[in-house]
Structure formats: structure tokens, C-alpha cells
Amino acid sequence: MYYRIKAQNLAQLYQKAASEFDALPAFAIRKKALEWEPVSYKALYEKGLDLGTALIELGVNARDHVGIFSDNRFEWILADYAVQCCGAADVPRGRDITNAELVYIINHSELAVAFVETEELMQRVLNLKNQLPALREIIVLDESIDVPQGVRKIHDVCKTGQKLRQDGDKRIEKRMQDIKPDDLFTLIYTSGTTGTPKGVMLTHANIMSQIQNLPGQFNCNDRILSVLPIWHVFERLIEMYTISFGGCTFYSSVQHLAEDMRNVEPTFMASAPRIWEKLYERILKKVKSSHWMRQLLFHVAHFLARQYNGSIYYMSNRNLQMRFYPLWERILCMPFYLIRWLIVLPWYGFFNAAVLERIRLGAGGGLKTTISGGGALPFHVDKFFNNVGIPVLEGYGMTETTPVISVREKRNLVVGTVGSPIKETQIKIIDIETSRVLYPNAELPYNGKMQKGEIWVKGPQVMKAYYKEPELTQKTIVDGWLRTGDIGVMTHNNNLKILGRFKATIVLKGGENVEPEPLEMSLQQSPFIENCIVAGQDKKFLGVLIIPSLIDFWQAGFKEKTIQELVKNDIATKIIRNDVRRITSTANGFKKYEQIRYIGYLNDSFKIGQELTNLFKLKRHVIMKKYSKQLSDLFEAEFKK
Amino acid sequence: MEFTTQLLYPIDQALLALMIFVIMLGMGASLTIDDFKAVFRSPKGIFIGFLSQFGFMPFMAFALGYFLKLQPAFAIALILIGCLPGGTTSNMFTYFSRGSVALSISMTTASTVLAIVMMPILLNLYAAGYTAQITAELQAAGSDAVFVIPTANIVTSLILVLVPVVIGMFIRIKWPDWAKTAEDTAGFMGMIVILYLIITAFLRHGTLFLLTPFEVYFGAISVGLIGFLFGFTLARLLGIAPVFQRAISLETGIQNGPLSFAVIILSFNEPVQSQMVWLAILYSTFIVISSSVITLIYRKIGAFDYDIYRNTLIHNRLFGDNYFTHYPKNFLPKRLKKDPSQGNAPAQKRAY
């Protein structure tokens, strides 16, 4: 029943999908909540060939780069079909790209032809034209706008191509046959958390290996909801993966997500931690405002689900094994877990049916799995959804690895980890200071499991190189091993656990290494903390800059209109201070030196594109620069001593 | 075996009464006027349901009692269970087995109303032999009492039990949010009380479980299982869609257990009451287990069909009623191609 197309490159995948799935809907475009327009595999492919032929006519050669600056929309995938089929590679970026980035990327990747989504973006590119000597053609995706002389509209271009093909133009078919596995399909410029954009060169071989190796069982009656930015390789992979089994991708957006989840009832989706955090908060809020009897039922159900799943995880060897569990201990403990399981079973059965099912319906009810990527999923959110029966699987990867390195599988689901490496993928853990291989290493106890170090990865998904950056490439890929820059360990049941970003590591004056990310993630569990950044490089103790969550303070009865006023209220700051102390206490697993001494406040939320990446990760260097004054004030007390 | 000790203490009786009240309230809270109207919209399913619930089940219960040579009180209790209408739990199980919940609700509604007439008739019909036997036993023991099926009492108790159902429906209309809570609470209550009864029975009369003859267990378990099997087969033979097959199957096997307690306690006296209650407890316990298992099986078997059905439904919901989902050749198995309720068919042609 499960079927996946095998192909050599994306163009071939598109072709095979068109002949295999024919009239099945490939993509659905949202018009209204209950009105979507389907586009079939066949129609999309034909249109893609038309547009591709027109691109060839416009002078796009095989292995050229073509820009696509757009957010998720149907024309994006159409442009991608065209670019892939004419043997070129695309350079994608979202609508929120800055002018500086536009200039850098277009010039660095030598774009002659670029698709732009909106009028605003088109205007910006036109204004920058004198800085973009090589850019010849601009094609606008949005049909509703008027374009000036020299700019084309995508559907007009399509028509030109259609005419050519009707007259017997077969150039595109020839191009498709000439695509080599080593040719690029995309050149993605990462905004990343550090430095200038880098062009990641990903090949057809890279993405085809991912499509084949990604675990999961789907077929052509699956529905996929698309919310993450399409120019991000994770969402891109999931859409290509969907094409390989004939599912239908529904283009949603963040503001319509909850509604679309209920209407589309997706069976699979790529997601980011933020989506689940939001949903988690919404569920808890809804519970809190409901009848006390309902609250009670919810809490009982959640409690039972924890007991039930806890037993199942232990008995099936899927608990988080941060230490070694000897066989005798497992055997000894097994009866207790079995008894607990049996006691809980009937109650869990009832509550699962009566209470938890309703929570699942909030996520559409039909979700078989969802892979969360692009950032760490907070542990409590992770546990919650897997307990209530929404299988949120956490994956791990980076743009440089197309992107999946490892992902949890449903049958081997260990909450709190990012699963085992996918097929054909090898992992090494390397000591940061000595560069010694820690895992796999037969000399160390348990073959080096639970040894903390930098993760190196080798596999068919590893990028070709950074574009025009041979030195950087050499530094990043060593003997075919890609240095991820992430710190992790291999648990005793062979699952990778990510501990933080190696470059974000704070080294305190005393020489202690602190990973700020786990701290920040824990701090954000406090309802009163909207966001925060932990700092303290070369300082004696850690400090944190906090953006208080004004809305939650209002709900708690505070009257202050702004954060400036709020932080003058001693009761409010005391609440935050207590929360910080409680959360970072040794009881919660933090070391003594990881406790936070200094607390400062910021008045404005972090914004996407400025302080946050599109996936809500902190851009540390940006924040450090912007708030350098607040940061130095924070540590003032230390200097006075 | 002997049932010299009283099985139910006053406190248990009070608890049972409370449970019945809450469960029936919950049942009412799950019903709307539309559900009654829907009964007339799917007459075929309802008719099959009627055949299996009031035609087959009582007869099968009688036959089981006869062939297992059960004691009269047990046999009467078994027949009583056979004559019961469907309960709300069947709706929940149908939902999870991916059957038609709408049909399940319609069947529950129709059978509950019809039960007022059908139950006394059927009980008198099938239990006639046993009443004579009990009377003979009583007279042999020196009493001149005559045992008859308390028809009037049964009708009264059925009507009495319908009062909280009506209250529940009223709550649903007035406070819809509250109704959901009442529904879940009712299910939870039911579980607690049944478990309480079993545990106290175990503590007070631990030997009861051992004393109960094997045939009684067999009867209590198989009355549900045979019901599932019969409902499923009948619906299948009549060429009804799988979603309806699963609904009819579960509806036939799952009877309104709490109602049996109400009828037994309100209408029957000792010496038969304790034995009858005991059988009702056994049935209520085992039916939860067996329907859970059946539901899991149906869910597994029906997963693919259900996915196809859901996909078609959503395509029609989002792409318009005229949208036709063309699956690739050989993707749909033969059974689905023929099935008008799902798969390769636009919405108008589907049965619901």
C-alpha cells in the first residue's frame, strides 16, 4: 500500500509523478477557509515544462542559477518545476529578505533571471538595479499587479513556453535527460545565527537520498499541510517527499493554521517547535477557562497518559537512557512497570477515548506523524504531545545536510531525543578540545555513549560545498565528515540527543562551559517570560536579559501599560526573579555555576528577521550588538566589586 | 451455587440508582432532536439494527440459556440483556472503530424508544418457560407464591429511566457546554461504579467468582460476542458499506447495561434478583473488554478504507461537491470501487 517513486533527480521525480499520479491533486491553493483550488500532478508538470521552455528561451542554461524570492505559494512550486526541468538550480529566499541580502545573494550567485513574489519586492529589486549588473530578467509571481516595462508576469511567460512546445520545441526534454546526480538543484543562502550569508550547494543526489531514506509510511491519500517557509530546505524536502508518494500539499499560513488544521485534517506535516509551543499554550489556556469538572477530567487524563506511556516506554526500551541500564535492573523493574501498566490500562482507555481524543481533534485528528525541525522542541511540550497521542517526532539536521541527519521513528520513539541517524548516515562525536573521537570509540566505556562532544556527520545528504568559499568548505567538511557545530551525546539506546550549539557556548571566568540554550528554553516555561537571552562570556556569573510577557501579567491582575512601568513594580520583578531561581535550581538539573545571578529587562519583543531567525532561533550576535548597553549594565555589579 | 447472601447492600443500590441517573442523563445530553429525525433518514440501517437487536439478540440469549442449561434466574437475566436497547457506550466504540457514529446514535435512539413496547413482549415470550419452573420450585419449597414476569413494573421502570434522558436532552439544548461535560462524567461514573461493584463483590463474597458456574461466564461473555458477529455478518450479507457494518455490529453486541440494573432492581424481587444482578454485572464488565478488543480489530482492518473515505470527504469539502478524486489505477481495492459510501465517488452519490 505504501509507495515511493524512485528517481535520479528532481526533474525525473516530477515526470514520474505526473505519469503515476496523473489527475490526483498535487497542491491545493487556499481561497477561503472551505474553498481550495486543487492542481493535479499532470497539470503542474505540463505547466512547469511550459515555463521551463520559456526560461530556456530567455537564455537560462543548464546549471545556471535562477532566483526565487517568494513565500509559500503555488507559483513557487511552479517556478521550481520549471527551473529543475531545464537543468538549472534555484536560489530561494523569502519575502522578508533585506536589501543588503538581495544585493549580496544576487551578485554572489550570479543571477541573470529571478522570480519575485510581490509588487513590493519587485519595486525593491528595480530600485537596486544599478547594483545588480548581471540581473537581466525579473518575473513576477503575483498575477494581480501591474508590471512596468521590462518585467514579466509568470503566466505570460508560461504562455510563451506553451506556444513554443506546441510548435514542437523539445529542448526541455533534452535538458532533463542531461541532469547529472552531482548537479545542484538549489543554492540556499543561510541567514544562520552567525555572520554573512553562506551559499549552501545541494545536489540532486543529496535530496534524492533524503527522499529515499526518510522513514515514514504514506501513500497518495495523505494530506500535507504546509506552513514553514518553503525556501527553507526542511519544508522543501517534505514537499518533494510528498510528491514522491503522491500526497496533496495544502498551502496554509501561520495565521490560518489552527483553522486549516481542522478543515484539512492533515495526515502529515513539517513543523517547527514554535507551532507546538503555541498549540500547547492554547490547549492549557482553554483547559484553564473551562468548567472545573472538565479541568479535572483533563488532568486525570493527562496523568494517566503519563503513567501509561511511561510504562510502555520503559518496557519497550524506549525511555530516555542517559545512563546505562543493566539487564538485571531492567528485568527486576519490569514487573513493576507491567503492573502499573495493567492498573492504568482500563482507565487510560476510557480517558483516552473521552478526553484526549478531543485534544487530538484540535490538531485535525488525522495526524499520523509530524516532524518538528529547525530548532529544539522544549522537553515539556514534546512530552505533552506524545502523551496525548499526537506523535510529534523531533528531527535534527541543518541546511548543509539537506537537512535531515536523524529523526525519531514512530516505532522507536524516545521522547527528548532526535532519534537515530537515518539510513546511510554515520555519526561521530568529537571532543571539542582534543579532537579525539568519543563515539564510536571502543576504548571508552559503552563504546563512547553519553560522551559529550561536537557531532560530525557523513552521508549522501552532505552538501557539495559552500559556494565560492573553498576555505570555509575545507574547514567545515573534513575527509567527507561535516562538522555540525552542535553539541550532543548518543544515549544508551542509540538515540542522538542535542545539548546545544557549540558556538553559543559561554565560557565563564572560572572556565566553566555553559550552554545557554537549555537554560533559555527552560526559562521560557515561565508564563511571565516571553523571551530571554542568557549571557556571561568571561564573566564570573551568568546574567539574563528578559522580555516579560505583558499579557500574562495583565491576566494576573497587573495594571501597568508598558514593560518599563512593569519592571518598576517590585512585585512583578519578584515574580520573575523567583521563577528564574526556581527554574534554574539544581533540583531542575542545572549545575551550580549555571544559576543566574543578574537579571535585566528588555522593553521590546524580539522580531523575526531582526533578532530571530525565521524559525524563532535567537540571532545571538545581532542581539549582543543591539543590546550591548543593557548587557554591560547587567554585569555592572560584578565590576563594582 | 447458592445466593443466600444478599448481593447488593442498600448503599450499593443507592449507588446504582445514582449511576443509572447520571448515565442516562449523559445519554440524554448526547442526543439532539435531530438524532430522532435522522432515524427516519436511514431506514435501511435502522431496520437491520431492529432485526438484530430485537429479533436476533433475545432469541440468541434464550438459545444460549437453553443450551447452557442455566438456572432460571440466570436465564431470565440473560434474556433480559438480550432484549435491552443499545447503550451510549456503543456510540463511543463506533467512533473509535471508524464506523458511522450517526447510524449508531440513530439506532440507540430508536431502540431505546421501542424498548418500552418490545422488552415486555419479548421477555414474556422467551421467559415463559422459566417462570413456570420458578413457580414450581417455589411451591416445592412450601410457598404458594406464583412467579410472573412483572410486565407493568418493567414498563414503569423503563419510563422512569427515560426521565433523566429527557432532562439530559433539555440540558443539551439549554447549556450545550455543560452537556459535553455531563457526557464524559457519565462514562467515568459508569466505570467507577461497575468497578466498585466488582471489587466489593470480590471482597464480600470472594467465593462468588468461584461458585459461579462456567456456563454463566460463558453466557455473559458470548452474548455480546455473538451479537457483534451476527450484526456484522448480517450487514455485510445485505451489502451495506463497511462504516455501517461496524456500527451495526457494535450496536447489536453492546446493550444498555445500566438499564438492566434499573429494570432488575425496580421490577424483580428475591429469590431471583441477586442472581440476575450478578449476571448483569458480569455482562457489563466483559462487554467493555470485548468491545475494546473488537474496536481495536475493526480500527486496524478499517484503517485503509477509512483513510480513503476521509480523503474523499475532505476533497469534496474543500474542492467542491463535484470534485472527483481520481486515484491511480490499482490503488483502490475492489471492495472500495464497488462501495458507494467511499473512495472513488463524488459526494452526492455517497450514502451520507
Side-chain angles (χ1 to χ4, degrees), chain A residues 1-3 17 19-25 28-42 218-223 246-248 250 260 262-267 290-298 300-301 345-347 349-355 357-358 364-366 368, chain B residues 26 89 91-98 175 177-192 194-195 285 288-289 291-293 295-296 303-320 323-333 336 342-344:
Chain A
M1 279 310 163
Y2 307 111
Y3 180 78
S19 64
E20 205 87 39
F21 304 123
D22 199 26
L24 267 181
I29 309 153
R30 191 183 200 275
K31 305 277 177 207
K32 282 183 214 147
L34 288 172
E35 197 186 316
W36 298 62
E37 187 191 323
V39 182
S40 74
Y41 276 96
K42 183 90 183 166
F218 300 97
N219 60 31
C220 61
N221 65 43
D222 279 298
R223 294 172 302 280
C248 180
F250 291 76
D260 289 347
R262 283 193 302 271
N263 290 333
V264 175
E265 299 181 23
T267 55
S290 64
H291 189 261
W292 65 266
M293 191 67 206
R294 284 225 79 82
Q295 286 191 37
L296 182 76
L297 288 171
F298 168 81
V300 174
L345 181 68
W347 306 96
F350 170 74
F351 278 94
N352 183 34
V355 182
E357 176 71 5
R358 219 155 284 152
K368 289 180 191 165
Chain B
T89 37
N91 306 347
M92 197 176 83
F93 283 113
T94 304
Y95 173 84
F96 283 98
S97 73
R98 287 156 173 174
W175 306 280
D177 292 343
W178 227 97
K180 276 274 156 233
T181 312
E183 224 185 304
D184 292 345
T185 318
F188 183 42
M189 258 312 262
M191 264 183 80
I192 288 191
I194 298 236
L195 268 164
T285 312
V288 174
I289 299 168
S291 31
S292 297
V293 174
T295 297
L296 287 178
F304 181 77
D305 296 19
Y306 182 79
D307 284 350
I308 298 277
Y309 158 68
R310 222 51 224 166
N311 197 38
T312 312
L313 192 86
I314 290 160
H315 281 179
N316 282 130
R317 180 203 289 168
L318 300 177
F319 303 156
Y323 186 80
F324 195 99
T325 310
H326 292 274
Y327 288 104
K329 238 187 268 166
N330 304 329
F331 178 70
L332 289 184
L336 290 187
Q342 47 194 313
N344 227 340

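Remember, predicted model here, so these are calculated numbers, not experimental data. Below, read A as the first sequence line, B as the second, and so on, with proteins coming before strands; counting in each chain starts at 1. The figures here come from the full heavy-atom set of this structure, side chains too, leaving out hydrogens, waters and symmetry mates.
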Enquirer: Before accepting this row, confirm whether a basic side-chain N of the pair B/R310/B/D305 lies closer than 4.0 Å to the acidic partner's carboxylate O.
Expert: no
Enquirer: Using a distance-only test with no angle check, is there a side-chain donor-acceptor pair under 3.5 angstrom linking B/Y306 and B/N311?
Expert: no
Enquirer: With a 4.5 angstrom heavy-atom cut-off, could you sort out which part of A/L297 is near chain B: side chain, backbone, both or neither?
Expert: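 Side chain only.
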Enquirer: Considering only heavy atoms and a distance below 4.5 Å, find which of A/A354, A/P346, A/A353 pairs most often with chain B.
Expert: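 Most pairs with chain B among the choices: A/A353.
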Enquirer: Against chain A, label B/Y95 side chain, backbone, both or neither, depending on which of its atoms sit under 4.5 Å from a heavy atom there.
Expert: side chain
Enquirer: Determine, for B/R317 against A/E265, whether the closest basic-nitrogen to carboxylate-oxygen distance falls under 4.0 angstrom.
Expert: yes
Enquirer: Counting distance only, does the side-chain N/O of B/D307 pair as donor-acceptor with the main-chain N or O of A/N221 below 3.5 Å?
Expert: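 Checking the backbone N and O of A/N221 against the side chain of B/D307, no donor-acceptor pair under 3.5 Å is found.
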Enquirer: Does any backbone or side-chain atom of A/V264 lie under 4.5 Å from a heavy atom of chain B? Answer side chain, backbone, both or neither.
Expert: both
Enquirer: Is chain B contacted by the side chain of A/R358, its backbone, both, or neither, given a heavy-atom distance below 4.5 Å?
Expert: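 Contact with chain B involves the side chain of A/R358 alone.
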Enquirer: Just so I understand: if I count every heavy-atom pair under 4.5 Å between each of A/E20, A/E357, A/E35 and chain B, which residue has the most?
Expert: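 The answer is A/E357.
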Enquirer: What do the steps show when you test B/F319 against B/F324 for ring-ring contact (aromatic ring centres under 6.0 Å, His included), and what is the final call?
Expert: CA-CA 9 Å; B/F319 303 156; B/F324 195 99; over 10 Å; no
Enquirer: Can you say whether B/F96 sits under 4.5 Å from chain A via the side chain, the backbone, both, or neither, judging by heavy atoms?
Expert: side chain
Enquirer: Sort A/R223 into side chain, backbone, both or neither according to what part of it lies under 4.5 angstrom from a heavy atom of chain B.
Expert: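 Contact with chain B is through the side chain of A/R223 alone.
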Enquirer: Can you tell me how far CD1 of A/I29 sits from CG of B/L318, rounded to the nearest 0.5 angstrom?
Expert: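 Here the interatomic distance stands at 13.0 Å.
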Enquirer: Where does A/D22 contact chain B at under 4.5 Å (heavy atoms): side chain, backbone, both or neither?
Expert: neither
Enquirer: When the ring centroid of A/F250 is compared with that of A/W36, is the distance short of 6.0 Å?
Expert: yes
